[in-house]
Number of protein chains: 2
Amino acid sequence: MGRPRRPLLSRDRIVATALAVVDADGLDALSTRRLAAELGVSGPSLYNHVSTMEDLVDAVVDTILGEVDLSMFATPVADWRTALREWARSYRAALAEHPNIVPALAHGMGHRPNSLKIADAVFGCLVDAGWPRGQATRIGALMRYFVTGSALGSFARGFPDDASVYAGRYPHLSEAHLLAEHQREIDEGAFELGLESLLDGLAARTVTARGASGRAGGTPRW
Amino acid sequence: MGRPRRPLLSRDRIVATALAVVDADGLDALSTRRLAAELGVSGPSLYNHVSTMEDLVDAVVDTILGEVDLSMFATPVADWRTALREWARSYRAALAEHPNIVPALAHGMGHRPNSLKIADAVFGCLVDAGWPRGQATRIGALMRYFVTGSALGSFARGFPDDASVYAGRYPHLSEAHLLAEHQREIDEGAFELGLESLLDGLAARTVTARGASGRAGGTPRW
DNA sequence: GTCTATACGCAGATAGAC
DNA sequence: GTCTATCTGCGTATAGAC
């Protein structure tokens with residue numbers, strides 16, 4: 001076959017199909033041959049639209065990052081803590097909907113378009129709330145650390161189903177909370193506890209405008 | 001050649017050489033053929049000591065986790081905050097010494113021997129300090145989220161060197177702190193700020209034995 | 001039980017015809 | 001822009017020497 005009148009492929013269609021394959025059968029199942037079969041074309045045709053496999057996976061990750069809700073950063077932001085809390089939950093939820101893609105976060109977190117869009121929105125919100133630019137940058141980074149680390153720790157495979165394997169070997173851990181059935185609640189609880197603790201600890205680094213009651217909405221100190 | 005008088009290979013030697021290859025040339029450079037060449041044997045010989053490549057990478061990760069300092073959890077622990085702070089820094093430092101292995105953390109975080117040893121030590125410290133078992137489990141998990149997320153976000157490649165690429169495209173971010181040369185300080189600062197904020201936020205969830213001064217060393221509330 | 005030699009079936013990627 | 005044909009290198013299964 002030669003060149004078709006209308007293109008059979010597009011980058012968007014390839015990325016969308018790749019995401020569907022990853023969601024269905026995992027990252028390992030994503031190959032040029034599988035993808036080509038899924039799209040009804042031959043393998044090398046893909047290279048007219050994506051440069052490498054790594055490029056493609058990056059684009060899939062970026063698509064998912066595009067699903068993170070940023071509407072809470074629409075100015076003016078009433079309370080930076082509330083905005084950050086809602087954003088962090090939305091971020092985690094977007095990753096939870098595509099758990100198979102999470103291991104791909106491990107390569108190059110910084111240079112995808114939607115990564116920058118997210119970083120920009122968080123940074124702007126914090127600066128508007130009165131945080132100095134240096135602190136705003138750090139807070140954006142550390143929140144990302146926590147959310148992505150949470151996704152990685154939660155959606156990767158946890159303890160084996162049979163906790164009795166560890167009986168007696170680790171003095172403190174041979175308990176019910178090792179069981180896989182409890183893992184989801186633990187992950188959820190750990191995320192929420194960490195999120196609230198982070199926000200509390202950051203808020204304590206703000207100056208209070210009028211007495212102790214203003215702590216939660218105070219002006220950043222540095 | 002047949003069976004040698006003394007074994008040429010051992011699992012430990014294979015794992016150590018694999019770590020050296022990863023440190024030198026990255027995870028992608030680790031292949032059975034490369035590894036066999038380094039060790040002076042033929043490829044399939046490795047399979048007498050490791051079952052799969054995934055098994056081998058897991059063992060390499062476990063070796064690095066074994067370098068995390070746990071001595072601050074030796075009972076009795078004076079202050080759970082101090083212990084957790086020192087442990088988190090040691091954990092991050094161990095990963096920082098082998099940045100190329102960090103992407104491998106993305107697979108199966110929970111079932112390596114040294115993962116369990118670490119989880120057990122943290123859990124024991126927190127329970128000894130008075131935290132209820134459920135909260136201790138959550139805190140151990142969320143601290144791990146933050147430290148591993150920090151390693152992932154820091155040691156993976158950051159923004160491109162030329163910040164002018166983004167000039168005008170992201171309203172808040174076209175600033176000096178986008179430059180790669182500042183990335184290391186940002187990562188370090190974000191880690192420290194997040195760590196202190198987390199510990200402060202958790203400490204605020206304890207009851208104070210004698211007035212407000214006991215906040216840092218208070219007894220956990222739940 | 002530990003090694004070597006060989007080989008299979010995948011992978012990502014390229015060259016050149018239409 | 002898509003095809004066919006083909007390249008290299010991967011993990012690893014198998015068979016056999018000692």
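Small disclaimer: the values here were computed from a predicted structure and weren't measured. Just so it is clear, the values below take in all heavy atoms, side chains as well, and ignore hydrogens, waters and symmetry mates. The sequence lines fix the lettering, A, B, ..., with proteins before strands; numbering per chain opens at 1.
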Self-check item: Check: N100(B) side chain, V22(B) main-chain N or O, donor-acceptor pair, under 3.5 Å
Solution: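 Yes, because the side chain of N100(B) sits within donor-acceptor range (under 3.5 Å) of the backbone of V22(B).
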Quiz item: D55(A) side chain to V50(A) main-chain N or O, any donor-acceptor pair under 3.5 Å?
Solution: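 Not confirmed, D55(A) side chain does not pair with V50(A) backbone.
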Quiz prompt | Electrostatic pair R138(A)-E192(B), nearest N-O below 4.0 angstrom | solution =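 No, R138(A) and E192(B) are not salt-bridged.
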Quiz item: Less than 4.0 Å between a side-chain N and a carboxylate O, is that true for D69(A) and R89(A)?
Solution: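 Judged by the 4.0 Å cut-off on N to carboxylate O distance, R89(A) and D69(A) do not form a salt bridge.
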Self-check item: Non-neighbouring partners of E188(A) that pass salt bridge (Lys or Arg N to Asp or Glu O under 4.0 Å), sequence neighbours left out
Solution: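 So E188(A) forms a salt bridge (Lys or Arg N to Asp or Glu O under 4.0 Å) with R92(A).
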In this structure, how many angstroms lie between the [atom2] atom of [N] and the [atom1] atom of [X], rounded?
X: L27(A); N: dG12(C); atom1: CG; atom2: P; answer: 12 Å
X: R6(A); N: dG1(D); atom1: CZ; atom2: C1'; answer: 13 Å
X: H49(A); N: dT2(D); atom1: NE2; atom2: C1'; answer: 9 Å
X: I14(B); N: dT2(C); atom1: CD1; atom2: P; answer: 11 Å
X: Y47(A); N: dG1(D); atom1: OH; atom2: P; answer: 17 Å
X: L8(B); N: dC3(C); atom1: CG; atom2: P; answer: 5 Å
X: R11(B); N: dT2(C); atom1: CZ; atom2: C1'; answer: 16 Å

Quiz prompt | Sequence-distant partners of R13(B), side chain to side chain donor-acceptor pair (under 3.5 Å), two or more places apart | solution =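 By the side chain to side chain donor-acceptor pair (under 3.5 Å) rule, R13(B) matches no residue at all.
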Quiz item: dT2(D), dG1(D), dC3(C): which one has an atom nearest the side-chain heavy atoms of R3(A)?
Solution: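 The nucleotide sitting nearest to the side chain is dG1(D).
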Quiz item: If you check the N48(A) side chain, which of dT12(D), dG1(D), dA13(C) turns out closest?
Solution: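 So the side chain of N48(A) is nearest to dG1(D).
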Exercise. Pull out every residue in residues 28-46 of chain B that has a heavy atom closer than 4.0 Å to any atom of DNA chain C, ordered by number, or say none.
Key: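 Heavy-atom cutoff 4.0 Å gives R33(B), V41(B), S42(B), P44(B), S45(B).
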